[in-house]
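Please read these numbers as outputs of a predicted model, since none were measured by experiment.
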Amino acid sequence: MQNLKPKRLKKGDTVGIIAPASPLFKKSDLKRGIKTLEEWGYNVVVGDHVNCRHEYIAGTDEQRAADFNAMFANDNVDAVFVTQGGYGSARMIDRIDFDLVRKNPKIFIGYSDITSLHLAIQKHTGLVTFHGPGMAGFNSEDLTAYREEYLDKALCSSEPIGEIKMADDKKYLDVINEGQVRGELVGGNLTLVCASLGTPFEIDTKDKILFLEEVWTEPWILDHMFTHLKNAGKLQEAAGIVIGECSECEPRKLDPGFPVTFFLEDILEDFLKPLDIPVIHGLPIGHTKDLATLPIGVSAYLDATNGKLFVEESGTED
């Protein structure tokens with residue numbers, strides 16, 4: 001399916017806000033985020049059910065899907081931002097009007113649990129979407145200069161982002177396998193990428209640059225998920241792989257029934273080194289303070305030898 005691109009975001013445009021996954025821990029985060037967007041020169045429309053709660057998700061599946069569809073149906077809305085991830089996005093996929101999305105391409109951004117929606121939108125419409133921060137991080141405490149820079153590059157320019165640089169020179173980027181490769185950029189949160197297997201929106205990694213990120217996950221569970229991807233052939237089919245920082249993915253007190261004597265880097269070496277394709281680990285992608293916004297479904301260049309990823313195609317158009 002040929003990629004479909006949304007229009008770039010411009011001052012005076014309208015941003016629609018929805019909550020497709022978990023409810024905000026603090027409702028004030030939404031107020032702070034709206035204030036930030038308005039200070040940047042955007043108008044804001046909030047979904048009817050953004051502040052709803054249904055146990056651990058932000059409203060029923062019907063309510064959350066209704067807000068999603070309404071934002072894409074609204075001709076006055078130019079981009080759709082989510083409040084946050086958490087859990088629940090996949091529960092409403094069967095209620096999304098993908099024909100509506102295809103006919104009304106708009107910027108759609110979020111990460112973590114929102115990976116499910118990125119994969120489904122890409123599979124059913126070909127629309128380029130954006131792996132980046134939700135409204136819970138649009139405030140002076142969380143919105144670092146790096147976050148803001150890559151948001152602007154990804155959403156507000158019709159030029160390619162270029163290099164996804166390290167946010168902190170003191171952090172280390174690990175080259176697992178050297179080499180260079182070009183391919184379409186796909187991926188997201190590791191848990192949700194695995195959860196897509198066997199569904200109509202199963203991730204396609206063939207000849208693509210796969211990026212993955214994770215947070216708060218025990219190494220033995222990471223092993224389980226990489227085993228799942230390997231057994232499904234998804235790792236072997238990729239042209240190259242980029243792993244984010246994966247913060248808090250360390251052994252904790254949880255006892256799976258056997259001693260935990262291995263760590264994240266051991267797992268990455270074990271599963272990814274034998275692939276003999278370019279692989280790096282440590283870019284600021286996903287659950288990290290300085291996360292880069294990545295367009296999903298565009299051409300990228302991975303120079304693993306020098307530890308660099310370049311987004312060579314814009315995710316938006318004029």
Any side-chain donor-acceptor pair under 3.5 Å between [X] and [Y]?
X: Ser112; Y: Asn189; value: no
X: Asp318; Y: Ser158; value: yes
X: His54; Y: Thr60; value: no
X: Glu184; Y: Ser299; value: no
X: Glu213; Y: His287; value: yes
X: Glu202; Y: Ser196; value: no

May I ask whether [X] and [Y] are part of the same hydrophobic cluster, defined by side-chain heavy atoms of I, L, V, M, F, W, Y residues being less than 4.5 angstrom apart, directly or through others?
X: Val128; Y: Tyr150; answer: yes
X: Phe98; Y: Leu119; answer: yes
X: Leu151; Y: Leu30; answer: yes
X: Ile203; Y: Ile114; answer: yes
X: Ile267; Y: Ile285; answer: no

Non-hydrogen atoms of [X] and [Y] that approach each other most closely:
X: Ala304; Y: Asn177; result: CB-O, 3.2 Å
X: Arg64; Y: Ala21; result: CD-O, 4.0 Å
X: Cys194; Y: Met225; result: SG-O, 3.4 Å
X: Ile17; Y: Ile34; result: CD1-CG1, 3.8 Å

Does any non-hydrogen side-chain atom of [Y] lie less than 4.5 Å from one of [X]?
X: Thr316; Y: Ser157; value: no
X: Leu190; Y: Leu222; value: yes
X: Leu127; Y: Gln122; value: no
X: Glu148; Y: Asp152; value: no
X: Thr217; Y: Cys249; value: yes
X: Asn51; Y: Val46; value: no
X: Ile209; Y: Val181; value: yes
X: Ile93; Y: Ser116; value: yes

Would you say [atom1] of [X] has more than 12 non-hydrogen atoms from neighbouring residues, nucleotides or ligands within 6.0 angstrom?
X: Lys273; atom1: NZ; result: yes
X: Lys103; atom1: NZ; result: no
X: Asp99; atom1: CG; result: yes
X: Glu265; atom1: CD; result: no
X: Lys11; atom1: NZ; result: yes
X: Asp276; atom1: CG; result: no

Check your understanding: Does Glu250 have any salt bridge (Lys or Arg N to Asp or Glu O under 4.0 Å) partners at least two apart in sequence or in another chain, and if so, which?
Key ->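 With neighbours one apart ignored, the set is empty.
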Strictly below 4.0 Å, N to O, side chains only: are [X] and [Y] in salt-bridge contact?
X: Glu317; Y: Arg8; answer: no
X: Glu141; Y: Arg32; answer: yes
X: Glu313; Y: Lys5; answer: yes
X: Lys171; Y: Glu245; answer: yes

**Study point:** Gap between atom CG of Leu309 and atom CG of Leu302 - 0.5 Å precision
**Key:**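 Here the interatomic distance stands at 6.0 Å.
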**Study point:** Test side-chain hydrogen bond (donor to acceptor under 3.5 Å, both in side chains) applied to Glu55 - qualifying residues, sequence neighbours left out
**Key:**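 In terms of side-chain hydrogen bond (donor to acceptor under 3.5 Å, both in side chains), with neighbours along the sequence ignored, Glu55 is linked to no residue.
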**Study point:** Residues that, via side-chain heavy atoms closer than 4.5 angstrom, fall in one hydrophobic cluster with Tyr87
**Key:**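 So far as hydrophobic clustering goes, Tyr87 is joined with Tyr56, Ile57.
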Review point. Phe81 and Leu37: side chain to side chain contact (heavy atoms under 4.5 Å, CB included), yes or no, with the steps?
Key: CA-CA 11 Å; Phe81 289 15; Leu37 289 176; 3.9 Å; yes
Check your understanding: Do Tyr111 and Phe130 make the cut of ring centroids closer than 6.0 angstrom?
Key ->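 Distance test on ring centres: not under 6.0 Å, no.
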Practice item. Could you tell me whether Phe68 and Phe108 have their ring centroids closer than 6.0 angstrom? Key: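 Yes, the ring of Phe68 comes within the 6.0 Å limit of the ring of Phe108, centre to centre.
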Exercise for review: Can you label the angle between the Tyr42 ring and the Trp40 ring as parallel, tilted or perpendicular, going by 30° and 60°?
Suggested key: perpendicular
Review point. Going through the distances and angles, do Gln84 and Ser22 end up as a side-chain hydrogen bond (donor to acceptor under 3.5 Å, both in side chains)?
Key: CA-CA 7 Å; Gln84 66 171 35; Ser22 294; 4.7 Å; no
Review point. If only atom types and distance count, is the side chain of Thr288 paired as donor or acceptor with the main-chain N or O of Pro284 below 3.5 Å?
Key: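 The answer is no, because no donor-acceptor pair under 3.5 Å joins these two groups.
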**Study point:** Test log, rule side chain to side chain contact (heavy atoms under 4.5 Å, CB included), inputs Leu100 and Asn69
**Key:** CA-CA 7 Å; Leu100 179 66; Asn69 291 330; 4.2 Å; yes
